[in-house]
Amino acid sequence: MKTYDLVGIGFGPSNLALAALLEEKRFNTKLRAVFFEKKKTFSWHPEMLMGNANMQISFLKDIATLRNPSSPYTFLNYLHKIGRLEFFANLASFYPSRIEFSDYFSWVAKQLENYVEYSTEVIDIIPHGKAPHNMLELTIKNPEGYTTVLAKNIVVATGSIPSIPSNLNLDDDKSRIWHSSKNLEHLEKYKKTPLNSYRFCVVGAGQSAAEIVLDLHQTFPNATIYNLQRGFGFKPADDSKFVNEIFTKSNMDLFYNAPESIKEQLLSKHRDTNYSVVDAELINQLYQIKYAESVTGRTRLYFNKFSQLDFVQYSPSYIQANVKDLLNESINKLKVDAIILATGYKKKRIPPMIVQLSNLFSKTSITDTNVTRGHQLITSPKLLAGIYLQGFNEDRHGLADGLLSLISIRAQEIFNALRVN
Ligand SMILES: Cc1cc2nc3c(=O)[nH]c(=O)nc-3n(C[C@H](O)[C@H](O)[C@H](O)COP(=O)(O)OP(=O)(O)OC[C@H]3O[C@@H](n4cnc5c(N)ncnc54)[C@H](O)[C@@H]3O)c2cc1C
């Protein structure tokens, strides 16, 4: 059985940042490391790479710069190597397009190919041997079948899963109703006839919903777009300077050490830095369109406020969105060609793949499970192997945990905390 000092599970930006750091350190460590990624190749939210979408963080918060500005894996070095640095400088922007940032991630991933096994899914993790367990045993599935490997440390960075309202079932008709995480794949067939008078319904009022609405409006010049929102309208993301300091290492330290009740208050008070909010410039852009259409009288973008998708009926030539008006509980019927659910993502507090190890966690209940500042799950003395979590610690490390801002620094913190003997 192959034995590793470190197994990374998932190869998105979080573990990419860790692999970059390992590569930088390879001359002074002899760490045997591998990353397993279930996708065939590296990609970063490929179904939401619309031409109009920009990053919501500064390019300086790439996978390396804040940790080591002279790393070969910085965004600036990427620009330099591909010959776009001067022109990017001329843009005078801190916010590259998501297409460009995704290309940057892929460029880094290509250089770190030796660290990763693609088309490889971790499907089970159990303690190895007798207690105290020094190693974890991982069952992986790859194109050759099933195999097991041993790990002294695992770093779980498996991301979040699409959140679908419980009253809806996407299996009913996947080609006509889909989640934003599958957006571009499903739009392909509509793009073959872009001039058709499609009717699209987009559910949600967050960043993804706003981006999809704009993209549909631009891509399909004769389409009608309905955007269902529960409230009055899009709310702007708070990216003001003082508040944005939430996404710094020192404020993660403060948050981590704060009393539980204060943590809850802070998370709730500053949710609007990330959740159910939209970039202010994009809100303005959409409002301009709405206003311009009211002037010309050729309206094809409708914002349906106080509206909630209740249920969907399917017929061969259209699908009917039955939309509840939250003010008077009446149901409005919308006949459309497709429904896109921009209804966000969810994440469990403990990654499902390690829940079965929970009798070895140091806790009184699964929800009491705690994590060190170095992102290591605190285990009982019976489990000595290290389990590190990336992106599952928002309630313990604060709002930066699920975002890109601190991934370079987090990689260093995990590296420092690794159990190497
Ligand atoms: C459309 C969109 C735009 C965003 N834009 C920004 C932004 O501008 N700024 C920002 O800070 N944040 C942004 N985010 C937040 C997002 O969480 C981060 O961008 C980032 O993707 C988190 O990286 P990650 O590596 O932790 O998780 P992911 O990127 O989700 O990667 C997880 C990886 O794990 C793999 N995986 C899952 N389970 C297994 C398994 N069992 N075995 C093997 N592999 C597995 C998955 O295939 C995936 O590749 C955005 C999110 C979305 C959805």
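Each ligand, and each atom within it, is numbered from 1 in the order the structure gives. Everything quoted here is computed from the prediction, not taken from an experiment.
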To atom 3 (C) of ligand 1, the nearest of R98, M55, K40, E47 on a heavy-atom basis is R98
Should one rank G12, S180, P13 by closest heavy-atom distance to atom 23 (O) of ligand 1, which comes out on top? P13
Would atom 14 (N) of ligand 1 count as contacted, meaning some protein heavy atom under 4.0 Å? no
Please list the nearest protein heavy atom to [atom] with its residue and the distance rounded to 0.1 Å.
atom                    : result
atom 27 (O) of ligand 1 : G159 CA, 3.6 Å
atom 1 (C) of ligand 1  : M48 CB, 3.7 Å
atom 17 (O) of ligand 1 : G402 O, 3.1 Å
atom 12 (N) of ligand 1 : L403 CD2, 3.5 Å
atom 24 (P) of ligand 1 : S14 OG, 3.3 Å
atom 33 (C) of ligand 1 : E37 OE1, 3.6 Å
atom 6 (C) of ligand 1  : W44 CZ2, 4.0 Å
atom 34 (O) of ligand 1 : G10 CA, 3.2 Å

Whether K263 engages the ring of Y256 as a cation-pi pair (distance to the six-membered ring centre under 6.0 angstrom, angle to the ring normal within 45°) should be assessed. yes
Think K347 forms a cation-pi with F392, using NZ or CZ under 6.0 Å from the six-ring centre and within 45 degrees of its axis? yes
Could you give the distance from CG (L360) to CG (L383), rounded to the nearest 0.5 Å? 5.0 Å
Strictly by modelled atom types, are T148 and E137 linked by a side-chain donor-acceptor pair under 3.5 Å? no
Quick one: does any side-chain atom of [X] pair with a main-chain N or O of [Y] as donor and acceptor, under 3.5 Å?
X    : Y    : answer
R199 : I225 : no
H133 : G129 : yes
D279 : M55  : no

Salt-bridged, R67 to E24, with N to O below 4.0 Å? yes
Which of the numbered atoms in ligand 1 are below 4.0 angstrom from a heavy atom of M353? 41 (N)
What are the atoms of ligand 1, with element, lying closer than 4.0 Å to any heavy atom of T120? 43 (C)
For ligand 1, is any non-hydrogen atom under 4.0 Å from H45's backbone (N, CA, C, O), its side chain (CB onward), both, or neither? side chain
Any N or O of Q56 that comes nearer than 3.5 Å to an N or O of ligand 1? yes
If you measure every N or O of S43 against every N or O of ligand 1, does any of those distances drop under 3.5 Å? no
F101 side chain reached by F59 side chain, heavy atoms, under 4.5 Å: yes
My understanding is that only one of R373, R396, R410, R349 makes a salt bridge (Lys or Arg N to Asp or Glu O under 4.0 Å) with D401; could you say which? R410
